[in-house]
Student: 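Okay, here's the structure, questions in a sec.
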Amino acid sequence: MGHDLFSTQNSIFTEKQVESLNRLIPELSAEQMTWLSGYLAGFNAAQQGATSMVQPTAAQPLADSGAAIRTATVLFGSQTGNAEKLAEKLCGQLSQAGFVPTLQDMGSYKPRQLKRENYLFVIVSTHGEGDPPDNAEAFHEFLHSKKAPKLDGLQFSVLALGDSSYEYFCKTGKDFDTRLEELGGKRFSQRADCDVDYDDAADAWMDGILQALSKQLDTPAVVAVSPAVATQAAASSYSRKNPFSATLLENLRITGRGSSKDVRHIELSLEGSQLSFEPGDSLGVVPSNCPELVAEFIEVSGLDPRAIVTNGKGEDTTLEDALSHGYEITTITRPFLEKYATLVESRELGRLLQEENRSQLRNFIHGREVIDVIRGFPLPGITANQFVGLLRKLPPRLYSIASSYQANPDEVHLTVAVVRYQSHGRSRKGVATTFLSERVPEDGTVPVYVDSNKNFRLPEDLNAPLVMIGPGTGVAPFRAFLEEREIAGAKGKNWLFFGDRHFHTDFLYQREWLDYRKKGVLTRIDVAFSRDEEKKTYVQHRMLENSRELYAWLEEGAYFYVCGDAEYMAPDVHEALLAIVEKEGCVSREKAVEYMRDLQQGRRYQRDVY
């Protein structure tokens with residue numbers, strides 16, 4: 001890209017104008033550049049949308065007289081917003097280092113820009129079993145196609161976000177890293193693979209980029225950070241690293257007697273926290289491990305619970321406290337198994353970890369926890385610090401917020417399905433779900449923070465129709481949507497698809513939906529209870545039964561939302577929607593796929609799946 005200060009994202013310029021303007025940039029004087037950078041700063045501050053440019057103020061020269069503009073593109077693919085937040089952070093740091101960074105969402109990035117890029121920094125998460133996020137699918141497909149250009153002049157680096165409890169850890173980031181090199185790009189700095197606790201690894205990756213830039217370039221220009229970056233830096237005093245202690249207000253079971261599920265409606269107080277949120281955001285809950293499981297760990301390991309170790313925050317504490325609050329002691333991850341297999345010198349574990357035995361490893365991990373590995377492969381003589389060194393930090397759990405802040409100030413509501421099951425002869429239970437439902441006493445507190453999700457948002461147009469697909473606890477954010485729409489006086493139609501097992505025991509928030517229906521806030525509700533009839537019926541079947549009307553809503557400009565299970569439900573709903581577009585739109589499969597991608601790029605098809 002060389003001197004590409006302009007881009008076709010700036011809609012006031014045509015593509016030919018952009019090319020002409022970028023050719024002129026090296027010939028401009030320092031005074032002209034100062035004026036131009038100030039003009040673009042004002043223009044970009046006024047722009048709305050997913051793509052923005054971080055610019056200096058008009059009072060600050062962009063570079064010393066005669067210096068070329070240093071440009072870089074930060075490209076992100078994000079499902080829940082973490083990659084986007086990190087991309088914004090990197091843009092701020094690049095701006096301070098003398099660059100004019102362009103922040104771009106993969107969903108709106110024009111692939112033809114690739115050949116003009118000079119520095120490209122990719123931040124992308126992996127979704128599900130190795131899949132790219134929704135907004136990265138099209139770009140990922142293009143980059144791996146024959147249409148992808150040669151990128152001999154490109155310098156790039158990739159930050160990959162993932163979860164090591166999944167088989168294909170950080171696969172999307174690895175895909176981009178490998179493919180960019182195959183196309184001729186030069187790796188500016190090594191890829192970093194981040195687990196759920198990504199802060200330190202991401203900061204180290206950014207520091208490495210800035211250090212490499214300082215070596216490669218002359219003394220960086222002094223550039224003021226734009227108001228947008230300054231605002232981003234001024235985060236709330238409560239965050240993932242510093243959660244707020246929210247008082248428990250209510251813990252109510254909302255499944256009926258005889259249900260096979262235990263679903264709780266949890267209400268927490270945020271009074272005094274100054275935390276706020278929007279519909280579509282999640283609440284991060286920082287749980288503690290089950291005391292009985294902690295005691296079993298200590299007994300099996302033969303270690304002293306009072307032994308001093310380092311907790312997940314780098315502080316000294318007792319082994320018992322570290323296992324209770326600092327480390328993950330349930331989920332088996334590949335890194336844990338690799339370290340444990342080395343210490344125990346187990347041929348069996350070593351064989352499972354071989355690449356050709358992925359399916360066997362998957363079967364071994366399924367239904368087992370860390371305690372099963374320790375019992376099955378004892379390691380006598382291990383020290384307390386060695387023991388915790390095998391474990392990853394205890395990650396927070398995210399729950400879709402089930403309430404509107406405008407409707408319930410200083411409160412946050414959650415819909416929590418309590419996880420309990422039997423496997424391999426043991427009783428198992430979810431860390432956070434049983435923490436919330438069983439171990440927080442009345443008037444007790446829960447460490448929480450707000451996790452913003454810009455990729456799951458209500459439309460600004462209050463007249464826009466909504467279609468919401470939320471089976472089971474996936475209905476939680478749609479409770480927030482309707483509360484918000486009601487208090488805002490939105491006139492747009494609302495259509496909810498809800499599904500679960502049984503009508504009489506599992507119809508979550510039934511009275512509220514019926515009340516919204518009576519008021520006219522909820523235009524329509526279609527339900528599917530899979531165990532009430534011989535033939536199982538799910539939400540996607542209800543969609544297909546109402547295909548004509550559903551397609552008509554889309555043609556009217558409806559926004560389509562999906563929340564819930566990523567493994568089965570979300571793909572089935574996606575396939576049903578494709579079939580509806582193909583049938584009712586009288587188009588080919590390829591055209592239906594294009595239609596769906598247009599919906600995604602226009603933010604009219606949004607998913608919060610897990």
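Remember, it's a predicted structure, so these values are computed and weren't measured experimentally.
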Student: Parallel, tilted or perpendicular, judged at 30° and 60°: which one describes the rings of F139 and F176?
Tutor: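 Aromatic pair F139/F176 classed parallel.
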Student: Determine whether more than 12 heavy atoms belonging to other residues, nucleotides or ligands lie under 6.0 Å from atom CD of E167.
Tutor: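 More than 12 within 6.0 Å, yes.
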Student: Using a distance-only test with no angle check, is there a side-chain donor-acceptor pair under 3.5 angstrom linking H144 and D175?
Tutor: no
Student: Would you call K85 and D451 a salt bridge, taking side-chain N to carboxylate O under 4.0 Å as the test?
Tutor: yes
Student: So, for L544 and A579, which heavy atoms are closest and what is the spacing to 0.1 Å?
Tutor: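 Closest approach of L544 to A579, heavy atoms only: CD2-CB, 4.3 Å.
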Student: Do we see a donor-acceptor contact under 3.5 Å between the side chains of Q600 and N135?
Tutor: no
Student: Could you check whether D515 pairs with K519 (Lys NZ or Arg NE/NH1/NH2 to Asp/Glu carboxylate O, under 4.0 Å)?
Tutor: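 Yes.
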Student: Can you classify the ring geometry of F507 versus F498 as parallel (below 30°), tilted (30 to 60°) or perpendicular (above 60°)?
Tutor: parallel
Student: Do S125 and N82 have a side chain donor and acceptor closer than 3.5 Å?
Tutor: no
Student: When V124 is tested against each of K174, H140, Q79, M106 for side-chain contact (heavy atoms from CB on, under 4.5 Å), which residue passes?
Tutor: M106
Student: Keeping the roles fixed (side chain from S95, backbone from C91), state whether a donor-acceptor pair exists under 3.5 Å.
Tutor: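 Absent.
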Student: Do R240 and D197 meet the salt-bridge criterion of a basic N to acidic O distance under 4.0 Å?
Tutor: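 A salt bridge is present here (some side-chain N lies under 4.0 Å from a carboxylate O).
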Student: Between S452 and R457, is any side-chain donor less than 3.5 angstrom from a side-chain acceptor?
Tutor: yes
Student: Measure from the side-chain N and O atoms of R604 to the backbone N and O of A558, and report whether any donor-acceptor pair falls under 3.5 Å.
Tutor: yes
Student: Under a 4.0 Å threshold between the charged nitrogen and the carboxylate oxygen, would D506 count as salt-bridged to R531?
Tutor: no
Student: Ring centroid separation for F481 and F456, is it under 6.0 angstrom?
Tutor: yes
Student: Using a strict 4.0 Å threshold on nitrogen-to-oxygen distance, state whether D105 and K454 make a salt bridge.
Tutor: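 Looking at K454 together with D105, the answer is no, because their closest N to O distance does not fall below 4.0 Å.
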Student: Would you please say whether a donor-acceptor pair under 3.5 Å links the side chains of Y509 and T415?
Tutor: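 Side chains of Y509 and T415: pair found under 3.5 Å.
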Student: Tell me whether E486 is salt-bridged to R479, with the criterion being a basic N under 4.0 Å from an acidic carboxylate O.
Tutor: no
Student: Taking all atoms of both residues into account, what is the closest heavy-atom pair of S403 and F277, and its distance?
Tutor: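 Closest approach of S403 to F277: O-CE1, 3.3 Å.
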Student: How about Y449 and Y238: are their ring centroids closer than 6.0 Å?
Tutor: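 No, too far apart.
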Student: Would R542 and E545 pass as an ion pair if we require N to O under 4.0 Å?
Tutor: yes
Student: Among side-chain atoms of R607 and H574, is any donor-acceptor pair under 3.5 angstrom?
Tutor: no
Student: I'd like to know whether OH of Y595 has more than 12 heavy-atom contacts from other residues, nucleotides or ligands below 6.0 angstrom.
Tutor: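 Correct, the count exceeds 12.
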Student: A528 and T537: which non-hydrogen atoms are nearest, and at how many Å?
Tutor: CB-O, 3.6 Å
